[in-house]
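We name chains A, B, ... by the order of the sequence lines, and we start the count at 1 in each one.
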2 protein chains.
Amino acid sequence: MRDKLGDMNEQIESVPGTARGRRPGPGSTRQAVIDAARTRFAADGFTATTIRLIAADAEVDASQVMQFFGSKDELFAAVMAIPSSALELFSTAFEGPDEHLGERVVRAHLRAWEGAPKDSEPLMAMLRGAIVNEKASAQLADFIQSRLLDGTRGNAGADAALRAGLASSMLVGIVTSRNIIGVPTLVAADTEDLVAVLAPAIQQILVPQPMAWIETGNGA
Amino acid sequence: MRDKLGDMNEQIESVPGTARGRRPGPGSTRQAVIDAARTRFAADGFTATTIRLIAADAEVDASQVMQFFGSKDELFAAVMAIPSSALELFSTAFEGPDEHLGERVVRAHLRAWEGAPKDSEPLMAMLRGAIVNEKASAQLADFIQSRLLDGTRGNAGADAALRAGLASSMLVGIVTSRNIIGVPTLVAADTEDLVAVLAPAIQQILVPQPMAWIETGNGA
DNA sequence: CCTTAAACTCAACACACGTTGAGATAATTA
DNA sequence: TAATTATCTCAACGTGTGTTGAGTTTAAGG
């Protein structure tokens, strides 16, 4: 089963003397496995997701999953890559005046994590897997560390990286509470309400405003 | 082994005709199991922690853990209760002028999650377990939902619960990035630097300040 | 035809897990 | 002493896991 490809079967130039046997297929089953794995990993996390379940979802034998990816970890690694659409989202979020930086970043974050499944599932898989899987942890750390940093341009001081990491961590915390933990109030809240409350705070982090009556408490 | 109690063996009033056999011990082994479980759950999460490992740490047979707690889930439930010291921390954080509310809340959060192991381990166990275990998820959701809400007193509007939940989620996100994911910049940062950057933002969330040049973006 | 190689199926291995039950040891009372 | 109850040990069960290897089917040469 699952060999119902037929479409997209581009003709292969037959260079004689090089390849003899059957040509590698278009990898449609491999893609089906990746899709199933992405959904499962995002929904149930790394340990709760089993190879057998993924194989069943993809209508494939479990051993074929192993043959394709070698191990559960490698399959997970293939699934949790940050989608380019999410990266573009953040690149464009920093274009424009600083006045609305916070709002744009908040919107980009929420869209990346809560948008179309194809875009958000790898991120959710990373987030859920980060508790158990080292690779997910490292990749998520890199994501948090560097994504926002690109955008903290001229106005950034020496602590730009810290501020970027904090803002990103905070927004990841929001997504965790809303989509993984399931805090009722946050689940029920409208996206626009979230933006309204979060944007000024993130703005405060990224483009610090001196507020006379707030002491930083940094007296070391 | 592990019956080295002896101490604190208060004399039991022997009411004749009621109890005949051996007296229940002081529960020192039970406590040893709880301690070992707390540390393991906080460090490795729910699924990665095994009954056999906990039993080995406590120098106890695995079946005795079952006899005490019935199941792994019940053991976890006994371990992840929010320590009263953390609750007190948040209660006192709201006493005082609104001007420094953000800073006090940030400090209370960081101290609760990163303070003494005995206090922070249950919270870390909850956080790590929330991905897999429903009870941890529910309890953490309740924690996020209600803890900060107590303190949003008179100045709170209708969206006080939302603001409280968002602020708490953000701070949980910081702790997650710093102590679980391990984002380098946040790990390296000094606590005082974190407070300096975070306090104004949390203040902004809890006690919203109208800032003329920031639009809320709420146009619904 | 035969050969090669990919795609796929089937059955099982070895292991670790949570959990169970029977029994040994220790403490307390009659 | 004998009886009773708590504490603890030992050996195993059943299940599900990731993983392996042998074998079958299908496509593409020679």
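Listed pair A:Thr29 / C:dC8 meets the phosphate criterion, a side-chain N or O lying under 4.0 Å from OP1 or OP2. Between A:Gln64 and C:dA7, a side-chain N or O to OP1/OP2 separation shorter than 4.0 Å is absent. OP1 and OP2 of C:dT9 both lie 4.0 Å or more from every side-chain N or O belonging to A:Ser63.
In this structure, CZ of B:Phe46 is placed 13 Å from P of C:dC17, rounded to the nearest angstrom. Atom CD1 in A:Ile51 sits about 21 Å away from atom P in C:dC13, given to the nearest Å. Look at CD1 on B:Ile54: it is 17 Å from P on C:dA16, rounded to the nearest Å. As a whole-Å value, the separation of A:Phe68 CZ from C:dA6 P is 11 Å. A straight line from CE of B:Met66 to P of D:dT7 spans 17 Å, rounded to a whole angstrom. Between the CG atom of A:Asp61 and the C1' atom of C:dA6 there is a distance of 16 Å, rounded to whole Å. Summarising the geometry, the separation between CZ on A:Arg40 and P on D:dT17 is reported as 11 Å, rounded to the nearest angstrom. Nucleotide D:dA3 holds its C1' atom 14 Å from the CZ atom of B:Arg23, rounded to whole Å.
In this structure, B:Arg128 contributes its side chain and B:Ala43 its backbone to a donor-acceptor pair below 3.5 Å. Within the 3.5 Å criterion, the main-chain N or O of A:Ile174 finds no donor-acceptor partner in the side chain of A:Ser177.
Within a 6.0 Å sphere centred on CD of A:Glu134, other residues, nucleotides and ligands contribute 12 heavy atoms or fewer.
Checking D:dC10, C:dA6, C:dT19 against every side-chain atom of A:Arg22, the shortest atom distance belongs to C:dA6. For B:Arg52, counting side-chain heavy atoms from C-beta on, the closest listed nucleotide (C:dG18, D:dT7, D:dG18) is C:dG18.
Both B:Thr50 and A:Gln67 lie near DNA chain C, and the one whose nearest nucleotide falls closer to the 5' end is A:Gln67. Along DNA chain C, the nucleotide closest to A:Arg30 and the one closest to B:Asp73 are compared, and the more 5′ of them pairs with A:Arg30.
A:Thr49 comes within 4.0 angstrom of sugar-phosphate atoms only, judged by non-hydrogen atoms across all strands, and of no base.
For the pair B:Glu192 and B:Arg107, the salt-bridge criterion is met [side-chain N within less than 4.0 Å of a carboxylate O].
Heavy atoms only, all atoms of each residue included: B:Val105 and B:Leu206 are closest at CG2-CD1, 4.0 Å.
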